[in-house]
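Each chain gets a letter, A, B and so on, in the order the sequences are listed, and its residues count up from 1.
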Amino acid sequence: MSDPTPINAPIGTRDILPGESEHFATLVATFATWAQRYGFGLALTPLFEDVGVFNRGIGEDSDVARKEMYVFEDRGGRTYALRPEGTASIVRAFVQHHPTTPWKVWYITPAFRYERPQAGRYRQHHQLGVEALGTDDPYLDVEVIALAWRFYEHLGLRQVRLHINSMGHAECRAMYLTQLSAHLSEHSGSLCDEHRDGWSRNPLRVLDCKKEPCVAVTDAGPMLVDFLCEDCREHFATVTSGLDTIGIPWLANPRLVRGFDYYTRTTFEFVAEALGSAQNAVGGGGRYDKLAEQLGGEPTSGIGFGSGIERLLLALEAEKVVLTSKGLDAFVVDTTGGAVALELVERLRAAGLSVDRSYDQRSMKSQMKRADRSGAAVALLVGPSERESGTVTIRDLRNSDVADRQQSVTLADVVASVQDYTNKAK
RNA sequence: GUGGGCGUAGCUCAGUUGGUUAGAGCGCCAGGUUGUGGUCCUGGAGGCCGCGGGUUCGACCCCCGUCGCUCACCCCA
């Protein structure tokens with residue numbers, strides 16, 4: 001009947017548990033703060049969508065849509081997919097609800113891609129990001145990029161480079177694609193093994209190829225920037241000069257095409273140079289002026305970016321940045337059976353303090369050890385004599401060199417005394 | 001989808017040409033200190049040596065299979 005074999009988390013997924021989850025939580029809280037500062041409201045959308053939301057959005061020929069989506073059929077025969085990225089769902093919600101524009105939202109979500117896991121790449125990872133719909137004002141592009149930049153900066157990342165490019169709008173890109181295809185066709189024999197026969201399915205992808213043969217061929221070929229129309233050129237110039245104005249360094253990268261078909265005009269990527277591996281993009285995004293239409297809505301401009309939380313945590317680790325989170329204020333050590341601790345921790349918690357205690361009536365030495373490991377600022381000791389006199393002994397656990405590390409306070413003064421300690425520590 | 005590496009204690013890892021009771025460090029528990037953590041000392045618990053099969057008198061070790069983890073390619077966050 002029952003199989004006693006333990007079951008592990010699925011391939012490419014992982015548990016984020018205390019010890020690590022504090023960093024995750026601090027990172028999300030930081031992003032929430034910054035997104036709000038920039039005027040974005042939180043948007044929560046379903047984890048799964050009609051598969052068309054993603055197919056139409058990110059392009060049926062993209063790798064993600066072709067082979068990386070978790071697609072399934074529900075009991076009613078509808079075909080759904082777990083979201084592989086954040087933008088398409090948000091735009092679907094925009095089309096469905098017709099909010100007034102400009103509509104600025106931020107999100108945090110798991111994202112799913114069926115691919116072989118490796119360092120910095122998971123089948124379920126977490127993304128946070130923003131989307132802004134309803135205007136093609138280039139200053140909005142600047143703001144979205146600025147938000148990402150300030151967020152990384154505030155986290156403590158110092159080795160992030162902003163790569164930026166313009167994909168043009170539909171017409172300039174079409175002109176460019178004709179030229180690029182002609183060039184690739186002429187030199188297809190010199191492309192890498194993978195693209196020699198496969199380049200025509202998505203010529204832009206060849207620009208993204210890092211292999212020597214492809215780089216050589218595309219270097220000698222036409223570049224998208226040279227095909228931008230007057231409007232697109234001006235849009236791009238306004239974005240980059242806007243970045244200059246507010247002091248955000250950028251790097252023009254004409255090869256930056258990114259993986260999803262919906263991008264138009266501005267595209268950008270944040271590369272964490274501290275990450276040695278190929279998985280060094282901690283965030284990216286761009287403008288998508290056709291996506292709302294593709295999802296059945298009115299033509300609506302939009303721009304956004306997404307950032308991978310796991311990648312950011314790896315980048316922070318690589319840069320040796322430690323995200324601090326608030327530890328315990330106090331740990332109650334009760335050697336009289338634990339009933340005094342019960343009341344004490346409740347009172348302290350009600351006063352807004354973070355408090356833990358030990359259980360199972362362990363020895364004082366054992367409880368003190370736990371108090372120490374807990375990282376609490378102070379230990380609150382209750383033994384027979386304290387219980388007798390209605391007092392608590394407060395012991396400073398962090399400053400081992402000061403003389404008066406312990407003091408006795410009445411139960412009535414405990415809350416205020418602990419608050420004194422934690423305020424001093426700040 | 002393709003290729004490499006690795007599966008031994010909670011964690012990180014040793015383990016001799018195949019040989020008898022499988023080890024260390026850290027962590028955990030307890031004691032040294034019957035009311036005091038971090039340092040130190042002592043002791044203890046904890047292992048189907050991933051799983052299945054094969055070779056052998058004998059397998060953690062060699063062979064095959066399988067599952068899992070991991071790294072890389074591809075692509076991406």
Side-chain angles (χ1 to χ4, degrees), chain A residues 4-14 19 58 61-69 83-87 108-129 148 192-195 198 202 205-206 208-211 214 256-260 269-272 275-285 305-315 331 333-336 358 360 362-388 393-401 405-406 408:
Chain A
T5 308
I7 299 171
N8 293 340
I11 294 173
T13 70
R14 62 198 199 106
I58 65 188
D61 286 331
S62 70
D63 274 38
V64 168
R66 263 173 48 233
K67 53 188 188 191
E68 293 178 5
M69 274 206 287
R83 77 161 53 120
E85 56 98 41
T87 302
I108 162 141
T109 178
F112 302 86
R113 302 209 189 140
Y114 190 90
E115 46 188 353
R116 290 285 289 270
Q118 64 184 280
R121 202 181 68 184
Y122 305 93
R123 287 188 173 178
Q124 174 176 345
H125 70 281
H126 299 82
Q127 289 191 18
L128 40 76
C192 75
D193 294 346
E194 161 141 12
H195 290 114
N202 195 341
R205 291 252 60 81
V206 184
D208 211 27
C209 184
K210 274 100 186 166
K211 294 204 180 89
C214 286
L256 180 67
V257 295
R258 299 193 46 79
F260 303 140
E269 201 165 280
F270 296 97
V271 175
L275 292 177
S277 70
Q279 284 74 43
N280 62 359
V282 292
F305 84 92
S307 213
I309 296 180
E310 284 80 359
R311 293 267 174 94
L312 284 172
L313 292 175
L314 286 173
F331 192 97
V333 171
D334 177 358
T335 58
T336 70
S358 68
D360 300 328
R362 290 169 181 276
S363 69
M364 166 148 288
K365 179 184 175 119
S366 168
Q367 292 194 44
M368 282 301 295
K369 209 166 189 167
R370 279 169 190 268
D372 182 51
R373 303 276 153 95
S374 79
V378 297
L380 303 180
L381 284 70
V382 178
S385 68
E386 282 88 352
R387 186 169 64 171
E388 186 73 21
T393 298
I394 302 183
R395 182 179 177 85
D396 188 333
L397 292 175
R398 293 192 182 156
N399 306 301
S400 53
D401 44 352
R405 297 168 57 197
Q406 274 183 212
S408 180

Backbone of A:G284 reached by a side-chain donor or acceptor of A:E269 within 3.5 Å: no
Pairwise distance OH(A:Y114) to CD1(A:I11) - rounded to 0.5 angstrom: 7.0 Å
C1' gap between B:rC48 and B:rG1, integer Å: 35 Å
4.5 Å side-chain heavy-atom contact, A:R121 and A:E310: no
Spacing of the C1' atoms in B:rG27 and B:rU70 (rounded, Å): 24 Å
Within 45° cone of A:Y122 ring axis and under 6.0 Å: A:R14 NZ or CZ: yes
Secondary structure of RNA chain B in dot-bracket form (Watson-Crick or G-U wobble, distances below 3.5 Å, | marking inter-strand pairs): (((((((..((((.....[...)))).(((((.......))))).....(((((..]....))))))))))))....
Contacts of A:T336 that satisfy side chain to side chain donor-acceptor pair (under 3.5 Å) - sequence neighbours left out: A:D334
Closest contact, heavy atoms only, A:G375 versus A:R398: O-NH2, 2.6 Å
Span that lies between the P atom of B:rU42 and that of B:rG38, in whole angstrom: 16 Å
Nucleotide of B:rA72, B:rG38, B:rC75 approaching A:R395 most closely (side-chain heavy atoms): B:rG38
Atom-pair distance (NZ on A:K369; C1' on B:rC29), nearest Å: 8 Å
Any donor-acceptor N/O pair under 3.5 Å between B:rC74 base and A:R121 side chain: yes
base_contact_polar (B:rU36 base, A:Q406 side chain, donor-acceptor, <3.5 Å): yes
Nearest listed nucleotide, side chain of A:K365, among B:rA77, B:rG32, B:rG1: B:rG32
Closest-nucleotide 5' rank along RNA chain B - winner of A:S363 and A:N8: A:S363
Pairwise P distance for B:rG7 and B:rC49, with rounding to whole Å: 15 Å
Whole-angstrom distance between B:rC69 and B:rC11, as gauged at atom C1': 15 Å
From B:rA72, B:rC29, B:rA77, nucleotide with atom closest to A:R116 side chain: B:rA72
side-chain N/O A:S366 vs B:rA30 OP1/OP2, d < 4.0 Å: yes
Minimum-distance nucleotide (side-chain atoms of A:Q118 versus B:rC73, B:rG38, B:rG32): B:rC73
Donor-acceptor pair present, A:R373 side chain and B:rG27 base, under 3.5 Å: no
Any A:R398 side-chain nitrogen or oxygen under 4.0 Å from OP1 or OP2 of B:rG38: no
Sequence-aligned protein contact record of nucleotides 43-52 of chain B, with B where the base is within under 4.0 Å of a protein heavy atom and S where only the sugar-phosphate is: ----------
Listed nucleotide nearest any side-chain atom of A:I11, set B:rG68, B:rC73, B:rG27: B:rG68
Distance between P atoms of B:rC60 and B:rG53 (Å, rounded): 14 Å
Out of B:rA77, B:rG38, B:rU36, whichever nucleotide has its closest atom nearest the side chain of A:L381: B:rU36
Short side-chain N/O contact to B:rC29 OP1/OP2 from A:R370, under 4.0 Å: yes
